[in-house]
There are 2 protein chains.
Amino acid sequence: MSVQGSHGHSHTKSQQSLRLTKGAKKVLEVLERTDELSSAQDIHGALRNEEESPPGLTTVYRSLESLVQLGLVQAVDFGDGERRYEMVKPGEHHHHLVCEKCRNSVHLDQCLVQQLEESIQAKYKFEVRGHILEIFGLCEECQKAVAPAGKK
Amino acid sequence: MSVQGSHGHSHTKSQQSLRLTKGAKKVLEVLERTDELSSAQDIHGALRNEEESPPGLTTVYRSLESLVQLGLVQAVDFGDGERRYEMVKPGEHHHHLVCEKCRNSVHLDQCLVQQLEESIQAKYKFEVRGHILEIFGLCEECQKAVAPAGKK
DNA sequence: GTGGCGAATGAAAACCGTTTTCATTCTGAA
DNA sequence: TTCAGAATGAAAACGGTTTTCATTCGCCAC
């Protein structure tokens with residue numbers, strides 16, 4: 001994901017429902033029950049299939065923006081030109097191990113950068129405010145699928 | 001930067017000059033004397049200013065692709081929708097501390113992911129093949145410029 | 001040298017995710 | 001009920017990148 005220090009989290013369940021836009025609520029609902037990362041268009045597509053009057057793509061983008069702002073959703077960039085989103089524990093973030101074969105992803109349970117933040121700060125005199133980190137490779141299942149077949 | 005395991009480095013100075021396209025050579029020249037990251041359009045612009053018959057944008061893109069393939073250049077993605085490039089020691093890679101204020105960047109002298117690769121592999125049974133990692137914040141100079149002014 | 005063929009090149013069009021614009025509709029406070 | 005600001009949507013604009021396709025280049029065989 002990508003992290004940017006400044007957040008303004010001060011949300012409770014009730015506050016959320018209060019401040020969230022109609023569109024944002026629908027978007028959040030989709031993300032709530034999706035465990036894989038979703039692009040704006042994925043979300044838009046999902047809503048088109050289940051809502052009588054689904055929000056437009058523009059609204060989905062705007063909703064995502066405010067949800068990210070609120071710290072309820074994180075945006076992830078794999079460098080393929082398509083941003084993906086997923087719910088997070090408010091104000092938290094995490095990174096992924098992304099399988100290049102099946103495209104599924106696993107969450108890293110701790111942030112490698114945060115751990116090293118102080119040492120970076122000390123060594124480079126650089127004030128860390130955000131970072132992006134994603135790891136690509138093969139998940140356990142796909143390793144099995146590849147190896148026995150004989151390496152190409 | 002973004003790393004993808006598979007490379008086919010087997011280059012010597014002479015081999016390079018042999019296999020490199022005319023356009024690729026010009027692109028490499030620009031990157032050779034630029035210490036900051038350059039976008040395709042930056043490179044194209046630079047060449048337009050100094051070459052009699054500069055390569056077209058398309059050729060710049062194609063050249064960059066093959067240079068990355070050869071391991072002579074790395075592509076870096078900051079998640080802002082514009083890819084940037086820079087020369088690297090053949091086959092190596094590095095990540096950046098990018099100042100959000102002045103936009104300059106410093107190289108990390110070691111890769112945080114490679115250090116942890118084995119433990120990730122062991123813990124998650126995930127075969128690491130590549131990764132992206134960039135850190136954003138304030139460089140030393142820009143910290144000074146901000147702090148004395150009083151925090152907003 | 002000359003013919004010929006695949007690689008390289010360039011201009012323009014296509015792509016595609018995202019952002020803007022702008023007019024319309026909704027919502028909540030007065 | 002009225003009104004102003006927020007939310008929404010459709011369509012256009014954007015911007016970096018990739019494709020397409022016709023042309024030119026470079027090099028080997030003859």
Side-chain angles (χ1 to χ4, degrees), chain A residues 1-2 4 14-30 37-49 51-70 72-86 103 132 134, chain B residues 1-2 4 15-30 37-49 51-70 73-86 103 132 134:
Chain A
M1 77 146 316
S2 76
Q4 283 301 319
S14 53
Q15 280 181 317
Q16 282 174 33
S17 32
L18 281 180
R19 49 170 36 88
L20 285 189
T21 266
K22 201 179 307 178
K25 277 180 204 155
K26 292 182 186 171
V27 168
L28 197 53
E29 273 171 37
V30 173
L37 293 154
S38 309
S39 69
Q41 327 234 11
D42 289 341
I43 296 166
H44 182 235
L47 287 170
R48 298 199 97 208
N49 290 334
E51 291 278 333
E52 355 53 59
S53 63
L57 228 204
T58 314
T59 297
V60 171
Y61 275 108
R62 284 190 278 233
S63 300
L64 287 169
E65 188 184 347
S66 64
L67 290 169
V68 168
Q69 199 66 25
L70 289 170
L72 301 176
V73 167
Q74 75 175 1
V76 181
D77 200 310
F78 289 163
D80 66 348
E82 186 164 17
R83 222 160 317 175
R84 280 157 241 264
Y85 301 86
E86 71 183 332
R103 287 279 118 192
I132 59 180
E134 303 299 334
Chain B
M1 78 143 315
S2 76
Q4 282 303 318
Q15 279 180 320
Q16 283 176 31
S17 32
L18 280 180
R19 48 172 36 86
L20 286 189
T21 265
K22 201 179 306 179
K25 277 179 203 156
K26 292 183 187 171
V27 167
L28 197 52
E29 274 171 38
V30 172
L37 293 154
S38 309
S39 69
Q41 326 234 13
D42 289 340
I43 296 166
H44 181 236
L47 287 169
R48 299 199 97 208
N49 289 334
E51 290 278 331
E52 355 55 56
S53 63
L57 228 202
T58 314
T59 297
V60 171
Y61 275 109
R62 283 190 279 233
S63 299
L64 286 169
E65 188 185 348
S66 64
L67 290 169
V68 169
Q69 199 65 27
L70 289 170
V73 167
Q74 76 175 2
V76 181
D77 201 309
F78 289 162
D80 67 347
E82 184 165 19
R83 221 159 321 175
R84 281 155 241 264
Y85 301 86
E86 71 184 331
R103 289 278 117 194
I132 58 181
E134 303 299 334

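Below, read A as the first sequence line, B as the second, and so on, with proteins coming before strands; counting in each chain starts at 1.
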Find out whether [X] and [Y] are in side-chain contact, i.e. whether some heavy atom of one side chain is under 4.5 Å from a heavy atom of the other.
X	Y	value
A:Lys25	A:Leu28	no
A:Ile132	A:Asp77	no
A:Arg19	A:Leu70	yes

| query | Around A:Glu65, counting heavy atoms of other residues, nucleotides and ligands shown, do more than 12 lie under 6.0 Å from its CD? | reply |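 No, not enclosed.
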| said: Here's a test of your reading of the structure: between A:Leu57 and A:Arg62, which maps to the more 5' nucleotide of DNA chain C? | reply: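 Counting from the 5' end, the first nearest nucleotide belongs to A:Leu57.
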| Spacing of NE2 belonging to A:His44 relative to OG belonging to A:Ser38, to within rounding of 0.5 Å |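 Between A:His44 NE2 and A:Ser38 OG, I get 14.0 Å after rounding to 0.5 Å.
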| message | Measuring from atom CD of B:Glu52 to atom CG of B:Leu47, what distance do you get when rounded to the nearest 0.5 angstrom? | response |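 So the CD of B:Glu52 and the CG of B:Leu47 are separated by 10.0 Å.
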| task | List the steps and the verdict of side chain to side chain contact (heavy atoms under 4.5 Å, CB included) for A:Val73 and A:Val27. | result | CA-CA 10 Å; A:Val73 167; A:Val27 168; over 6 Å; no
Can you find a side chain N or O atom of [X] that sits less than 4.0 Å from OP1 or OP2 on [N]?
X	N	answer
B:Gln41	D:dG16	yes
A:Lys22	D:dA6	no
B:Tyr61	D:dT18	no

| Going by number, which of residues 78-85 of chain B have a non-hydrogen atom under 4.0 Å from DNA chain D? |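 Result for residues 78-85 of chain B: B:Gly81, B:Glu82, B:Arg83, sorted by number.
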| task | Under the side chain to side chain contact (heavy atoms under 4.5 Å, CB included) rule, what do A:Tyr85 and A:Leu67 come out as? Steps first, then yes or no, please. | result | CA-CA 10 Å; A:Tyr85 301 86; A:Leu67 290 169; over 6 Å; no
| query | A:Arg19 CZ to D:dA7 P: how many Å, rounded? | reply |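 It is 12 Å, rounded to the nearest whole Å.
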| Distance, rounded to the nearest Å, where B:Glu65 contributes CD and D:dT18 contributes P |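 In whole Å, D:dT18 P lies 7 Å from B:Glu65 CD.
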| request: Shoot me the first and last contacting nucleotide of DNA chain C against chain B, ordered 5' to 3', at under 4.0 angstrom to non-hydrogen atoms. | output: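 Nucleotide range with atoms under 4.0 Å of chain B: C:dA8 to C:dA12.
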